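Have a look at the structure below before the remarks.
In this text the structure is predicted, and so the values were computed from the model without any measurement. Note that these values count all heavy atoms, side chains included, but never hydrogens, waters or copies made by symmetry. One-based numbering along the sequence shown.
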Amino acid sequence: MTTTKQMIVNAFNKAFNKHFYNELVVGKLAHAEFKDNISKGDEVDITMPGLVTLFDYDGGDLPNPEAATLSTCKVKIDRGKAFHFELNEMEEKMLQNSSDNAEAQIEQAKDYTNDAIKQFSAAVDSAYANLYTRAGHYLDNSGSAITLTATNAKDILAYMQAKFQRGDGKGHTNWIDGSMVCIIPPEYQFFLGKSDDLRYTEAGKEEIRKGYIGHLCGWEILVSNNIAQPEEGVFYPLFGVKGKTLAGGISADLNTTYYTPEKNFNTCYKGYGLYGVGAPRADYLGAAKVKATLSI
């Protein structure tokens, strides 16, 4: 029979698995997979979405079907986050009372793990954002950062749209309508807000996604505090294809255990989560080096 303490461990794990993806912003560009039984330093395979090749057709029967090409990205699990907290007896009873309703139990556990989930997701987002150096489409001012203005804030989006649409010039384009995502820092949002082209409205959206502020130049625009900032005032907004540009491996098991300290009746819970990131589709990745100085 599952003990109350083990039930709480299970609820914490389920809350993490359910709500982790909702907290990702930069991770919207990634195909991420939860992995079981991984240790720090392991290298795991992430299977990216498949591609299909077109060929010339001159009539007649078609050749035998090809298998959709699945690409595999190897990601090293080289980072981690740990947690260690204490619950008093009253808090444990509150979680135990929700045990008859699995969904309610997960939501109750989320109240205690919400901040940890946000911090873990932010760490993964930040790791994704720092892959900008592998961008296939890159824009700067001859090595220097582009100083943002209300005008060029939109021009940068239009430039990246053209680069992605051009592709390899042989018919293959890196632009997929309805799947293009641009992730910018709040400073960039400030300059876009000076333009009449972008309206900060979520009317008509079936799902209000975290960070979403609108569409412009074909990009779904999301705002994140985790965009790479290698020096003061300089940022690297990212551009890519939803779920296809980056890759990530994340431990499915939070390795949670519990114990009761000496001279204490409360229960302590501790554990850790591991992750790793990669950029398997550099042709689907863009970055701009921008400088933003805010002023009224």
(request) Decide, yes or no, whether a salt bridge links E220 with K28 under the criterion of side-chain N to carboxylate O below 4.0 Å. (result) no
(message) Contact between L148 and F190 at the side-chain level, heavy atoms closer than 4.5 Å - yes or no?
(response) no
(message) To the nearest 0.5 Å, what is the distance between OG on S251 and NZ on K40?
(response) 12.0 Å
(request) Might you work through the side-chain contact (heavy atoms from CB on, under 4.5 Å) test for L87 and N266, ending with a clear yes or no? (result) CA-CA 6 Å; L87 286 183; N266 295 334; over 6 Å; no
(request) Side-chain contact test, heavy atoms from C-beta onward, threshold under 4.5 Å: evaluate it for K291 versus I146 and give yes or no. (result) no
(request) Check the angle between the aromatic planes of W219 and F239 and answer parallel, tilted or perpendicular using the 30° and 60° thresholds. (result) perpendicular
(request) Specify whether Y138 and Y236 have parallel, tilted or perpendicular ring planes, treating 30° as the upper limit for parallel and 60° as the lower limit for perpendicular. (result) tilted
(request) Quick one: closest heavy-atom pair of A252 and D36, and the distance? (result) CB-OD1, 3.3 Å
(message) Rounded at 0.5 Å granularity, tell me how far CG in L24 sits from CG in L222.
(response) 11.5 Å
(message) I'd like to check F16 versus T256 (side-chain heavy atoms, cut-off strictly below 4.5 Å). Are they in contact?
(response) no
(request) Name the orientation class of the two ring planes belonging to Y258 and Y269 (parallel below 30°, tilted from 30 to 60°, perpendicular beyond 60°). (result) tilted
(request) Report the C-alpha separation of I184 and I221 in whole Å, then their side-chain angles, then the decisive distance to 0.1 Å, and conclude whether the side-chain contact (heavy atoms from CB on, under 4.5 Å) test is met. (result) CA-CA 7 Å; I184 61 174; I221 304 174; 3.7 Å; yes
(request) Answer whether the closest heavy-atom distance between the side chains of I38 and V44 falls below 4.5 Å. (result) yes
(message) What I'd like to find out is whether the side chain of P261 reaches to under 4.5 Å of the side chain of C268, using heavy atoms alone.
(response) yes
(request) Could you tell me how the ring of Y259 sits relative to the ring of H84: parallel (under 30°), tilted (30 to 60°) or perpendicular (over 60°)? (result) tilted
(message) Quick test of your reading of the model: are D78 and K76 salt-bridged, counting only N-O distances below 4.0 Å?
(response) no
(request) Please report the C-alpha distance between D45 and K74 in whole Å, then the side-chain angles of each, then the deciding distance to 0.1 Å, and finally whether the salt bridge (Lys or Arg N to Asp or Glu O under 4.0 Å) criterion is met. (result) CA-CA 5 Å; D45 290 333; K74 289 191 177 296; 2.8 Å; yes
(request) Could you tell me which non-hydrogen atom of N152 sits nearest to which non-hydrogen atom of Y188, and how far apart they are? (result) O-OH, 4.4 Å
(message) Can you tell me how far apart CD1 (I250) and OG (S121) are? Round to the nearest 0.5 Å.
(response) 8.0 Å
(request) Identify the residue among I46, V277, V241, L131 that makes a side chain to side chain contact (heavy atoms under 4.5 Å, CB included) with L246. (result) L131
(request) Search all heavy atoms of E187 against all heavy atoms of A292 and return the closest pair with its distance. (result) CB-CB, 3.6 Å
(request) First locate atom CE of M180, then atom OG1 of T245, and finally report the distance between them rounded to the nearest 0.5 Å. (result) 7.0 Å
(message) Just to verify, what does K14 make a side-chain contact (heavy atoms from CB on, under 4.5 Å) with, not counting sequence neighbours?
(response) I106
(message) Rounded at 0.5 Å granularity, tell me how far CZ in F235 sits from OH in Y132.
(response) 12.5 Å
(request) Please check if atom NZ in K154 has more than 12 non-hydrogen atoms from other residues, nucleotides or ligands closer than 6.0 Å. (result) no
(message) For C217 versus W175, what's the shortest heavy-atom pair and its separation?
(response) O-CH2, 3.5 Å
(message) Under a 3.5 Å distance rule, please check whether N255 uses its side chain to pair with a backbone N or O of Y272 as donor and acceptor.
(response) yes
(request) Decide yes or no on side-chain contact (heavy atoms from CB on, under 4.5 Å) for L29 and Y128, but give the supporting numbers first. (result) CA-CA 9 Å; L29 295 177; Y128 281 133; over 6 Å; no
(request) Considering non-hydrogen atoms only, spot the tightest contact between G278 and V75 and give its length. (result) N-CG2, 4.2 Å
(request) Compute the ring centroids of F164 and Y284, then answer whether they are less than 6.0 Å apart. (result) no
(request) Please tell me if the side chains of H31 and E33 come closer than 4.5 Å, counting only heavy atoms from C-beta onward. (result) yes
(request) Report yes if the side chains of I77 and Y275 come closer than 4.5 Å at any heavy-atom pair, otherwise no. (result) no
(message) To the nearest 0.5 Å, what is the distance between OG on S142 and NZ on K289?
(response) 11.0 Å
(request) Just jot down the side-chain hydrogen bond (donor to acceptor under 3.5 Å, both in side chains) partners of T267, sequence neighbours excluded, or say none. (result) E92
(request) May I ask you to decide if V26's main-chain N or O and D125's side chain share a donor-acceptor pair within less than 3.5 Å? (result) yes
(request) Return yes if some donor-acceptor pair links the side-chain N/O of T173 with the main-chain N/O of Q165 below 3.5 Å, else return no. (result) yes
(message) So which atom in A279 and which in L285 form the shortest heavy-atom distance, rounded to 0.1 Å?
(response) CB-CD2, 4.5 Å
(message) Between K210 and E23, is there a side-chain heavy-atom distance shorter than 4.5 Å?
(response) yes
(request) For side-chain contact (heavy atoms from CB on, under 4.5 Å), just list the numbers for F20 and V124, CA-CA rounded to whole Å, side-chain angles, deciding distance to a tenth of an Å, and then say yes or no. (result) CA-CA 10 Å; F20 172 78; V124 175; 3.9 Å; yes
